[in-house]
Each structure stands twice: as structure tokens, then as C-alpha cells.
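Fair warning: this is a prediction, and the values are worked out from it, not measured in the lab.
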Amino acid sequence: MHDINAIRKDPEAFDAGLQKRKLEAQSADLLAKDDARRAAIGVAQDLQTKRNEASKKIGQAKGKGDEAEAQRLMDEVAGLKDSLQQAEEAERTLSQELNAMLAVLPNTLFDDVPIGADENDNVEVRKSGEPKPGEKEHFEIGEALGMDFETAAALSGARFVVLRDQLARLERALGNFMLDLHVQEFGYTEMSVPVLVRDEAMFGTGQLPKFSEDMFRTEEGFWLTSTSEVTLTNTVREKISDAVDLPIRVTALTQCFRSEAGSAGRDTRGMIRLHQFSKVELVSIVDAQSGEAELERKTKCAEEVLKRLGLAYRVVQLCSGDVGFGARKTYDLEVWLPGQNAYREISSVSYCGDFQGRRMNARYRAEGEKSTHYVHTLNGSGLAVGRTLVAVLENYVNADGSVTIPEVLQPYMGGQTLIKPKE
RNA sequence: GGAGAGGUGGCUGAGUGGUUUAAAGCGGCGGUCUUGAAAACCGUUGAGCGUUUGCGCGUUCCGGGGGUUCGAAUCCCUCCCUCUCCGCCA
């Protein structure tokens, strides 16, 4: 959510920011609405002042037992009520209209975000590891090991998967390994959170009101979280934190649910793009000064998972056309998939400034300061577990169809070093 | 699912239609005293919005939203949440 005061102060800068997102200038419309709103507030407040003064006098007269005087005063302000209600209604309506306009505007990009149309214009920042050649895609490798799309289709339809036996355990091993790394070495606090949330939580992180069609909703009105960014970030909703408690770094391994409404025909085979997948999420709540450093730190935390798994990857900075709605700056981690002969997104790490903090009304109080500030938020995958499983299969497959278990995962697999197709 | 009780500031908690401000306590901050600290005592301490160069002035907020009234924390409607008992249940 944007700060209308900031827009009023520098409308040109705001419109320039929208233009970088390929959106029309809107400051004129917003400020016109804001002017009307503030005028309405002034009118309503004047009437409230009159009413309060009159009511006080009536109370005093009644206290003295002077009913005639009280009645005279009441007659005097009889007309006030209607005009006050109208003024309050006008103020309410205008505020709601302004908020509705602001709620659908994306965050302002940082100056260093490169201009571009889509993911093809993203800029490579660094690379790690040597991309290997390979022939088989993960679903070809996985078939013999317990990756079962037919059964999943019978249960739930397209874009679901059933993992059996050693693959199921490998998925669990990956999740546990990631959580342990972030908790033990990077100071994140592990959380177990709901996957069903209310409208307010989805609004706070920016999924609502604009992206309702990307998510699933229950008949009771709950939303299934598309990422635990929603729950982890909203833990500070409507709260005022002490600056000494920042940064708050939290992580969770949850199932994520996405309708994939706009992606028909993309990644239809395999487990790259599913309606349900598990992901380890990393969220930070920080003060206004620490955001950019935290973005670099979090990116490194996510990268470390890939390094320890021995997977080649690259870091790209998203261009203006690819940065998400709530973010000011985003790094994607792309893992090398030999079967696809390509780097594919496996993590996305974003700095949102105070955009979500303002939507959540989440604030902090700096030491020695009386006033409050909105918290700054960051989120990133650390990593998408399903896609990491894909990467392990394609990078560690052997000629006989078996898959070597990366060393760091072996303790999580009971010491097992290899998973083999059934005879 | 049935019945009942509740939601008040950072925390505890009083306040059932009015007479200046949501009492009081705790916690926080400042001060007095002290070599220093503790204790005691004194003072101070909510979040927004509008307006103003500023001091300030005004206004809203007692779970959310509406309503009744000249006037609402207090009365009415509605939604959300918490707790207790019963039922069901991993």
C-alpha cells in the first residue's frame, strides 16, 4: 500500500514509478480523491465540534435540573444531526474509494531494478557450480522410483503428484535439511502455521484484492495459503514491536496451494508446476534501515542450500516487468536442470519495504523515539522443496537409473547413499 | 453442533446514557535522595487523522462494521474472536 502523503509530496516521482511498471500515471486521480476526502473530513469535524459543544451544555443544564433550558438547546441543534450524518457518510465513502484505488497499485521499484519486459530481461548477478549435461527429465527418472502422476490424477486431477517410498522420504529429508540449516546456522525461528487464512491476512501481504483467482478458497471463506510468506509475515499484523526485537527471522515448511489459473499449457508434465507443493519459506521483519542488507543476507541463506546440495545455480535480478506486486527488488535463484538443459527458478527473494507493513498496520518503535514506523518485510523461498527434488534427481541420476543421495542428505535418509529402481 | 460468559491503553483492571479529560495499579521514562544501586517519594507516559511555519487547536478510536440519541465504552443490530460446560472427534 502506498502512502498518500508521500504521493502528495512528490506526485511526479510516484507516476515515474508507475511508469517503470508500465502503468498509467495516477497521481492526479488519487490526489483529487484525496482532496475531496480531506475536505469532507474538515466539514465533518466542524460539525462534530458544534455538536460536542452543544451536547456538553445540554448535559450541564440537565445536571442543574433546568429542563426548559435543556429543551431550548436541544431544539437549537435539531438540524445538526442530519448534516453530520451526511458529512460522516461522505468522509467514509471517499476514504474507502481512495483506499480501494491504493490497494491495487503495485509497490515502487528500486532505482537499481533493470528495465525490461519479462523474465527474458532479467540480469544475471552471479553463477555457482558447473552445469552438467543430461538427457532425462525428472519425471522419466522418477517413474521407476515412485513418482506417480496417474494415481494423483485419479485422486485430484492434473497438477498433483503422489510420491512413494524412497522419493517420499527424500522429499521429507530435503525439507528437514533446509529447516535445520536455516534454524541452526542462520538464526531463523522455526514456526508451524495454519494453511487456511482469512481475507485480512491475504490483504496484508498483497494477494488480495487483486489476485484472488490465483488461490483456492474453501466454502467457509478461508483461503489456502499460496505461500507461508502470508502467515509468517502476518504474525506482526496490527502490532507495535519494540525495535530491540528486530530483526524477526522466521521460517516454516508448509504445503502451498496455487490455482495456476493463468498458466494453462505451461510445465504440464512433471512436478515443476503443481497445485500443491511444499516449500520452506524465510521471512524477515526489519526496521527501515536494515532491509537492503537483509535482502543480500537472505539470498545467501537460500543459496547455501543449493551449495551444500552440490547443485549448480545462478542468481538473477528480476527486471521491472518481472518483479512481483508487493516487492521493490527481487533476486531469483535458478537451479540447473540437466534434463531441461536450462536454469529454472527454485527460489525468489524479495524486499518489500514498508508496503506490507502499511497494509498490515504493523509498526515498530525505535529506541528513544515516541513515534512509530511501519515495519519493513522480506520473504524468500529457502527453497521450493518439490523443485529441489527435481533438481536432485536430474543432477544425481546414474546410468543405471539409480540416484545418488547428496552427502548432506544422507543423515536424513538413514545413512542411505543411493536410491534404486525396484527390480 | 447445543448452552452460557466475555473482548477496555504495553499489561492487569474499574467504569450500565451526560456535568473537564477512560479510575486505579503494574511496567516504561525522567527526577529527588544515595559513593553507586535498591527502596521510598515526586513527575511523566496510548494510537491515528485533519489543520498550522511552529507552539498549538480540533477530531476519531473501549474487538470490527452499522444504528438509536442533542449526547454512547455504556442501549440496539450484525459480524469476528476468546473462555467455560455439554456433544462429537485426530
Check: Any donor and acceptor pair, going by atom type alone, linking the side chain of Y364(A) with main-chain N or O of A288(A) inside 3.5 Å?
Finding: yes
**Message:** Using the P atom as the point on both nucleotides, what is the distance between G4(B) and G17(B), in whole Å?
**Reply:** 25 Å
Mind checking if Q48(A) touches a base, just sugar-phosphate, or nothing, with heavy atoms under 4.0 Å?
sugar-phosphate
Separation of A47(B) atom P from Y364(A) atom OH, nearest Å, is 15 Å
Between CD of E220(A) and P of C79(B) the distance, given in whole Å, is 16 Å
- Message: Please report the distance separating the C1' of U52(B) from the corresponding atom of G58(B), rounded so that it comes out in whole Å.
- Response: 11 Å
**OP:** Please measure how far the P atom in G71(B) lies from the corresponding atom in G15(B), and state the result in whole Å.
**Re:** 26 Å
(request) In sequence, state the C-alpha distance, the side-chain angles, and the governing distance for F325(A) and F211(A), and then conclude on ring pair (Phe, Tyr, Trp, His ring centres under 6.0 Å). (result) CA-CA 10 Å; F325(A) 178 78; F211(A) 305 102; 5.3 Å; yes
**Prompt:** Does D354(A) pair with R363(A) as a salt bridge, N-O distance under 4.0 Å?
**Reply:** no
Whole-Å distance, E238(A) CD to A47(B) P, equals 15 Å
Worksheet item: So what does R72(A) touch, heavy atoms closer than 4.0 Å: a base, only the sugar-phosphate, or nothing?
Response: nothing
message = Taking the P atom in each of G54(B) and G50(B), what is the distance between them to the nearest angstrom?
response = 14 Å
Value for CD1 (I58(A)) from CD (E53(A)), rounded to nearest 0.5 Å, stands at 12.0 Å
Practice item. With heavy atoms under 4.0 Å as the rule, sort Q85(A) into base, sugar-phosphate or nothing. Key: sugar-phosphate
What residues 49-58 of chain A contributes to the RNA chain B interface at heavy-atom separation below 4.0 Å is T49(A), R51(A), N52(A), S55(A), I58(A)
If the P atom of C26(B) is compared with that of C75(B), how far apart are they to the nearest Å?
30 Å
Atom CG of D46(A) and atom P of U51(B) are separated, to the nearest Å, by 12 Å
Short N-O contact, K50(A) and D46(A), less than 4.0 angstrom = no
On RNA chain B, more 5' by nearest nucleotide between G42(A) and L84(A) is G42(A)
Whole-Å C1' distance, A24(B) and U78(B) = 34 Å
To the nearest angstrom, the NZ-P distance between K239(A) and A47(B) comes to 18 Å
message: I'd like to know if R237(A) and E200(A) make a salt bridge, using a cut-off of under 4.0 Å between side-chain N and carboxylate O.
response: no
**Study point:** P gap between G7(B) and U12(B), integer Å
**Key:** 12 Å
Rounded to whole Å, CD1 of I4(A) lies from P of C49(B) at a distance of 13 Å
Does a side-chain N-to-carboxylate-O contact under 4.0 Å join E89(A) and R92(A)? yes
### Query
Between D267(A) and R344(A), is there a salt bridge with N-O shorter than 4.0 Å?
yes
- Task: Go through the side-chain N and O atoms of E294(A) and S284(A) and say whether any donor and acceptor fall under 3.5 Å apart.
- Result: yes
Between CG of L47(A) and C1' of G58(B) the distance, given in whole Å, is 13 Å
Q) So, is R198(A) close to the C81(B) phosphate, meaning a side-chain N or O under 4.0 Å from OP1 or OP2? A) yes
Do the side chains of R273(A) and E260(A) get close enough for a salt bridge, i.e. N-O under 4.0 angstrom?
yes
Rounded to whole Å, the CZ-P distance (R363(A) to C49(B)) equals 9 Å
Residues M178(A) and L383(A): closest non-hydrogen pair is SD-N, 3.1 Å
- request: Could you tell me whether the phosphate oxygens of U51(B), OP1 or OP2, come under 4.0 Å of any side-chain nitrogen or oxygen in R38(A)?
  value: yes
Note on RNA chain B: ranges paired as stems (three or more Watson-Crick/G-U pairs in a row, both atom distances under 3.5 Å) are B:1-7 with B:80-86, B:10-12 with B:24-26, B:27-32 with B:40-45, B:46-51 with B:56-61, B:63-67 with B:75-79
Checklist line | Rounded distance in Å between the P positions of C61(B) and G9(B) | finding: 15 Å
